[in-house]
> 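The structure is given below, and queries will be raised subsequently.
Both ligands and their constituent atoms are indexed starting at 1 by order of listing. This is a predicted model, so every value here is computed, not measured. Hydrogens, waters and symmetry mates play no part in the numbers below; they use all other heavy atoms, side chains included. Position 1 is the first residue of the sequence; numbering continues from there.
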Amino acid sequence: MVIIMLGAPASGKGSVAEILSNEFKIPAISSGDIFRKYISNGSEIGKKANEYMTKGELVPDDLTVELISSRLKEDDVKNGLILDGFPRTVNQAKVLDEMLAREGKKIDIVVNLETPEEEILERITTRRICTNSDCKAIYNILLHPPKVENVCDKCGSPLYQRDDDKLEKAKNRLKVYYKETAPVADYYKNTGVLYSTVLSKSVNRMKDEVAKDVIEYLRNK
Ligand code: AMP
């Protein structure tokens, strides 16, 4: 099974992907996490990616595609995978189709999270993440706060705010999303795999409700 998560930064892609990953026992692969791992290792690839990430811009397609392509060759994706944060450009979507075809795989669903623009900035700037790289639990200090302030419920490690989740960088990431990534949903429109769904506090429809509907849709497919 191949699941693609599309949506604005902090729209809930990672949180929904985690639920789907547990349900279908397939790994959730976050392109942002892959870059952050290279950055924390102090590698040249990490340094290059960081130049773009700190400005809230997209890492160039060639580097991104190279890293995703090698990740897709690992053993744990044999029975399926969830991609969170890739593709983020129409070009990446086209390359992904080719990569999957070579592996004899095809996309089952593209979950496109639609969150009102006015909620997105608030969701980005109130997001907090567990510092433990084996945990990486995601919180939101307004919508889904930890039981103890700044402490992860799951593993007890401190939480942090990503530098690119701070207001000015978040604004740029949103601009980039509307210009580069929103058109990716149109790319999938005619393929029969696009599943657009609202995730918004304004209609009380959050990650659990969205994940439940996606699971039901996939089971009935
Ligand atoms: P994320 O953790 O998904 O919010 O990604 C954090 C940052 O990593 C983004 O703002 C980009 O700079 C970079 N990034 C992640 N995925 C991609 C991608 N598919 N293409 C280009 N840049 C990406």
Side-chain angles (χ1 to χ4, degrees), residues 2-18 20-21 27-41 43 45-72 81-100 107 110-113 115 119-131 133 135-140 159-185 187-188 199 207:
V2 178
I3 301 175
I4 309 290
M5 299 300 308
L6 271 188
S11 56
K13 299 187 295 296
S15 304
V16 174
E18 190 190 350
L20 299 178
S21 169
I29 298 170
S30 149
S31 45
D33 282 350
I34 293 179
F35 287 130
R36 281 184 287 276
K37 205 166 171 191
Y38 278 97
I39 292 169
S40 65
N41 290 344
S43 68
I45 289 179
K47 280 182 197 146
K48 179 141 191 246
N50 202 29
E51 282 171 30
Y52 298 90
M53 290 169 73
T54 52
K55 289 185 255 171
E57 287 169 10
L58 292 185
V59 177
D61 279 355
D62 52 353
L63 179 57
T64 307
V65 164
E66 191 186 319
L67 298 187
I68 291 291
S69 148
S70 71
R71 179 64 184 87
L72 295 195
L81 65 142
I82 302 167
L83 280 174
D84 158 18
F86 184 93
R88 251 180 167 99
T89 64
V90 170
N91 180 48
Q92 290 179 11
K94 289 180 182 165
V95 177
L96 177 64
D97 283 344
E98 291 163 13
M99 284 194 280
L100 292 173
I107 296 171
V110 175
V111 181
N112 181 35
L113 300 181
T115 304
E119 262 179 61
I120 290 286
L121 256 193
E122 180 182 275
R123 286 180 65 99
I124 302 180
T125 52
T126 51
R127 176 163 66 178
R128 298 292 182 274
I129 296 166
C130 177
T131 47
S133 58
C135 175
K136 288 186 290 200
I138 306 164
Y139 296 87
N140 182 293
L159 307 182
Y160 78 110
Q161 181 179 33
R162 274 171 44 181
D163 192 51
D164 60 352
D165 279 351
K166 293 177 183 157
L167 187 62
E168 282 317 305
K169 286 176 188 171
K171 280 185 185 161
N172 196 37
R173 287 167 65 209
L174 253 193
K175 251 194 235 160
V176 171
Y177 165 75
Y178 285 112
K179 182 163 178 280
E180 302 283 349
T181 309
V184 177
Y187 172 81
Y188 287 119
L199 191 157
K207 60 176 182 170

> Which pair of non-hydrogen atoms, one from P87 and one from L96, has the smallest distance, and what is that distance?
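Scanning both residues, the minimum pair turns out to be CD-CD2, 3.9 Å.
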> Would you name the heavy atoms of K48 and L63 that are closest together and state the gap between them?
CG-CD2, 4.0 Å
> Output, in order, the C-alpha distance, side-chain angles, deciding distance and verdict of side-chain hydrogen bond (donor to acceptor under 3.5 Å, both in side chains) for Y187 and D97.
CA-CA 11 Å; Y187 172 81; D97 283 344; 2.4 Å; yes
> Determine, stepwise, if the pair D165 / R127 fulfils salt bridge (charged side-chain N to carboxylate O under 4.0 Å, His left out).
CA-CA 7 Å; D165 279 351; R127 176 163 66 178; 2.9 Å; yes
> Is there side-chain contact between L67 and T64, with heavy atoms separated by less than 4.5 Å?
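The answer is no; the side chains never approach within 4.5 Å.
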> Under a 4.0 Å heavy-atom cut-off, what residues line ligand 1?
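Close residues (ligand 1, cut-off 4.0 Å): S31, G32, F35, R36, M53, E57, L58, V59, T64, G85, F86, R88, Q92, R162, D164, R173.
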> Out of curiosity, S11 OG to Y177 OH, how far, rounded to the nearest 0.5 Å?
7.0 Å
